[in-house]
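Encoded as structure tokens, the structure appears first; notes follow it.
Atoms considered below: every heavy atom in the structure, side chains included; atoms not considered: hydrogens, waters and symmetry mates. We name chains A, B, ... by the order of the sequence lines, and we start the count at 1 in each one.
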Amino acid sequence: MRGASRETSKPPWESAQRQVLVAVEFLASARTFTVGSVGALLALMTVRIVMIELALETHRYVALMAALLAATGALAVVGGVGQSLVAHFLSGRGRRAAAMVGVTIVAAAAHAVTTAWLSVELVGQTVAVPLRVILIAVAVSLAAYLVETYRKFRRTKSNIEHRLRDHERILERNRLAVQVARGRLRDIMDRQVATSLREIVNSMDSSLPGDYRSQIRPWAHKLRRLAVADVRPLSHEIGGDRSPAPSVIDPNVVVNSPTQSTAWREVVNRVPYPDKLAPISVGMTVFLLTVSHWAGGFGGLIGGGGQVLVAAGVCGVAIGLAVVGARAVVSRYPQSLSPGARWFLFLLAVAIGMAIVSPIYRVAVGQFDRTWWLNVSITMGLSIATLLCCTGRAIVDRGRAALASEAAALAAVSWALADYEREELRIRRTIAQHLHGHVQGRLSMAGVLLSDVDDPRASDTQVAAAVEVVRDSLRRIIEDLDDLAYLEATTGPVDLAGALAELRAAWVAVCDVSLDASPATLDRIRANQASARLLVDVVSEAVTNAVRHGAARHVVVRLEEASPDTIQVQIDDDGTGVDSAWASGMGTRSFTDLGLSWQLTARPDGGSRLSVEIPDNRARSASG
Amino acid sequence: MVADAESARRALVAEDDDFSRAMIAAMVEGLGFLVERAVSGRDAIERARDFDPDLLVLDLDLGPGPSGWDVLVTARRDMPWAAGVILSGHEQPQVIEPRMAQLGPHTAYIVKHQIQSRETLRAAVSAAIEGTAEERYSLPSGVELSAGQAQVLRLVAYGWTNEQIAVRRGCSVRAVESLLARLYVSLGLREVDGLAPRVVATRIFHDGRLTPPERNDARR
């Protein structure tokens, strides 16, 4: 016996499902690692080999390329599998990332060995793969990982933004639709009921007392027909199932809105940080790389004094640029950088400066060559990648904040939508009940009163008195209908304590209703009009059901803060348990209509327990 | 006897809509009852306790709180002899009140818009009241009482004096005294002085539960 699709305790397969999803997600980004690293390796190897081949003027690189492609493909698979296994078995982002890097290095090293062997076999000489190329691969794959993360962010953010715009549009459309629908309701009540009543009243006004006797039967007949043929179906139509008035509201939004903001919050939390190890390792690599080739480049300098001066001057400029650049970067993302990261940023900026300046120097002293320039470009690229990694944290944080605020805005709109529809439903129910209970009843009674004096034995005074009474009551019904048609959405603030006390008092002789809730919980509900109204509705309905279906004599209502978004209302009674009518949905349909999640169980020691979750977003304002 | 004496017929009318209440009360008065009006379920239950009605004419929907059926069930815990007439606009009341699938004895149901005239109500009231005087009720101890004795026991338990009971039943005080004497004998109480058996009888009423002997379903 369950409503909506929420359960109070999750089944085991749901958490396993979630773990699998997380693993798959990580796998997807891990694949980027592997593809990135191996792809980079391949590209570098190709370029290097092509250049060597061109230098050697042989054309056997095609065969080597083919062989390398095959080797790469195989190792990509191995690397991917390795990383998947790592993702599955290792917990903790630090360890996982380090292991990923390790796997990549192993894959790259294996690739290097294979390459060396293949090149010896096919081309007759080793095409050496220095350590730095392996580390280059690591850097590129990490950068690719970061880019992937950022793209995911952007996707999620734009997704949320779209939904937000959609919901705002829907809310606006609903407001208009509701105005239109209310106008239609007023029209219908006026046309179908009030007009006929006015006709009868007019006919009574314009008849002379002497004519009353002849008019009584047709009046009584009209009143009775009005009650049965007009008012009754109208009340069913108005109060009936999920009436079409706010037809544009997406029912999923309403039903799921309590969970919506939680889901979005999960998304925001799930977007991962680039790990600490990544920027540090890449930063070190690039630094050493640059220093090593820079040192090599300076090998020929030791001789000339003037060149040393030029070199020193160039270095100075480079370092100056690097410091300026570093400060600019650091000041942009001050909060999210740890001191260690800042140092590496600084060193990185220095390395970039050198990487820019040294080719200029080389050209100046006439020692420029293409392979060397290629290495330098790679270094620059890597430096930028490392920079991205180091500042990646800042990007992620800002992205997360933006996502969170978007998600909050979306949640707020969803809440507003849900509240709005519930309010509308409540109004329709009130109108339908009034029509069914009071209007229909009064009209029937008026008909009976007239039929009573439709008797030759009745005196003229009795007849006149009866007509007078009926006319008065018809006028009152017309007035009531007018008031009803203009029933506004919020009818004043809800006095929670008062309403609950009234409820308890109303049932006192039949069933004892007691409330068990902490003052903090009650305050929280009180602060939110929509929740307070909902709570009173839910408790009232629940008590009625417990008495009606379980013949309960004692009902205990417990309130608990189930989550930041919901309050759980638990109603225990000492009745005869859950009868078939109750189990089949009688009495609980109103909870489902209001989009509330509920559960009805028989208690082992007799009686029943009804649990209903009331949405209550703390972030909403007190005016509801 | 409970429902025969003209002056002793009492009815409680509960209806939350004032116009309908006035109408129905007037009709029931026209049938010869002394009518007490109630505006809600709780009001009806409280008034019934002191008014001691023979008949309950109740609208099913009495607003938030107990329904007319709840009132009938609750009142009958104390006064199982009370006849009940339930009114509502629903043709199938068990759709909203599943316990009404089985109305049980001495209970009638009228659909408001099917009331053609006073006659409809009169017929329902007669059908409900018929036979209430002949019912017998048993206490948990197994003692059987007539409807009249059970009613008087209840009045005693609620502190009515013999004079008040005499007015209620439209008979003399002496008749009441002799009925009480016979009642105490049935209950196995010795009449040494007038007071003590009264107290014991009160306790017997409040402790026990009067049920009609042939209906053994545990109606709470």
| remark: Correct closest heavy-atom pair for B/Ile96 and A/Arg548 would be O-NH1, 3.0 Å

| said: For B/His206, I'd like to know if atom NE2 has over 12 heavy atoms of other residues, nucleotides or ligands within 6.0 Å. | reply: yes

| request: Measure distances from B/Arg118 to the heavy atoms of chain A and classify the residue's part below 4.5 Å as side chain, backbone, both or neither. | output: both

| request: Could you give me the CA-CA distance, side-chain angles and deciding distance for A/Arg232 and B/Glu91, then say whether side chain to side chain contact (heavy atoms under 4.5 Å, CB included) is met? | output: CA-CA 11 Å; A/Arg232 201 151 64 107; B/Glu91 275 166 17; 3.4 Å; yes

| Got a sec: does the CZ of A/Arg217 have more than 12 other heavy atoms crowding it under 6.0 Å? | no

| field | Proximal component of A/Val469, with respect to chain B [non-hydrogen, under 4.5 Å] | value | both

| note | When every non-hydrogen atom of A/Ala509 is compared with those of B/Thr74, the smallest separation belongs to O-CG2, 3.7 Å

| note | Cut-off 4.5 Å, heavy atoms of chain B, and the answer for A/Arg224 is side chain

| message | Heavy-atom pairs under 4.5 Å with chain B: which of A/Asp452, A/Thr544, A/Val228 has the most? | response | A/Asp452

| Side chain, backbone, both or neither: which part of B/Ile115 has a heavy atom under 4.5 Å from chain A? | both

| Engaged part of B/Pro66 at the chain A interface, taking heavy atoms whose separation is under 4.5 Å | both

| Looking at A/Gly441, A/Ser451, A/Ala505, which makes the most heavy-atom pairs under 4.5 Å with chain B? | A/Ala505

| message | If I measure from the heavy atoms of chain A, does B/Gln114 come under 4.5 Å with its side chain, its backbone, both, or neither? | response | neither

| CG of A/Leu449 to OG of B/Ser20: how many Å apart, nearest 0.5 Å? | 11.0 Å

| query | Got a sec: does the CZ of A/Arg429 have more than 12 other heavy atoms crowding it under 6.0 Å? | reply | yes

| request: Could you give me the CA-CA distance, side-chain angles and deciding distance for B/Arg42 and A/Glu502, then say whether salt bridge (charged side-chain N to carboxylate O under 4.0 Å, His left out) is met? | output: CA-CA 11 Å; B/Arg42 179 197 175 166; A/Glu502 255 179 54; over 6 Å; no

| field | Nearest heavy-atom neighbours spanning A/Gly437 and B/Lys112 | value | O-NZ, 4.3 Å

| Rounded to the nearest 0.5 Å, what separation is found between the CE atom of B/Met23 and the OG atom of A/Ser444? | 10.0 Å

| Given B/Arg99 and A/His549, is the side chain to side chain contact (heavy atoms under 4.5 Å, CB included) satisfied, shown in steps? | CA-CA 8 Å; B/Arg99 293 171 294 174; A/His549 296 275; over 6 Å; no

| field | A/Ala220 versus chain B, the contacting section by heavy-atom distance below 4.5 Å | value | neither

| said: Quick check for you: to the nearest 0.5 Å, what is the distance between B/Phe19 atom CZ and A/Asp472 atom CG? | reply: 9.0 Å

| note | Shortest non-hydrogen pair, B/Asp70 vs A/Val547, comes out as OD1-CG1, 3.3 Å

| task | Can you see which heavy atom on B/Gly89 is nearest to which on A/Gln440, and at what distance? | result | O-NE2, 4.0 Å

| task | Kindly indicate, with the supporting measurements, whether the criterion side chain to side chain contact (heavy atoms under 4.5 Å, CB included) is fulfilled by B/Asp18 and A/Arg476. | result | CA-CA 11 Å; B/Asp18 8 350; A/Arg476 277 237 315 266; 4.1 Å; yes

| Heavy atoms from other residues, nucleotides or ligands near CZ of B/Arg203 exceed 12 (cutoff 6.0 Å) | no

| query | Among B/Arg49, B/His90, B/Glu46, which residue forms the greatest number of heavy-atom pairs with chain A at distances under 4.5 Å? | reply | B/His90

| Should we count CD of B/Glu163 as having more than 12 external heavy atoms under 6.0 Å? | yes

| note | Heavy atoms of A/His438 and B/Asp17 approach each other most closely as ND1-OD1, 3.1 Å

| field | Heavy-atom proximity to chain B below 4.5 Å, by part of A/Val510 | value | both

| task | Might you confirm whether atom CD of B/Glu130 has over 12 heavy atoms from other residues, nucleotides or ligands at distances under 6.0 Å? | result | no

| request: Against chain A, label B/Val71 side chain, backbone, both or neither, depending on which of its atoms sit under 4.5 Å from a heavy atom there. | output: neither

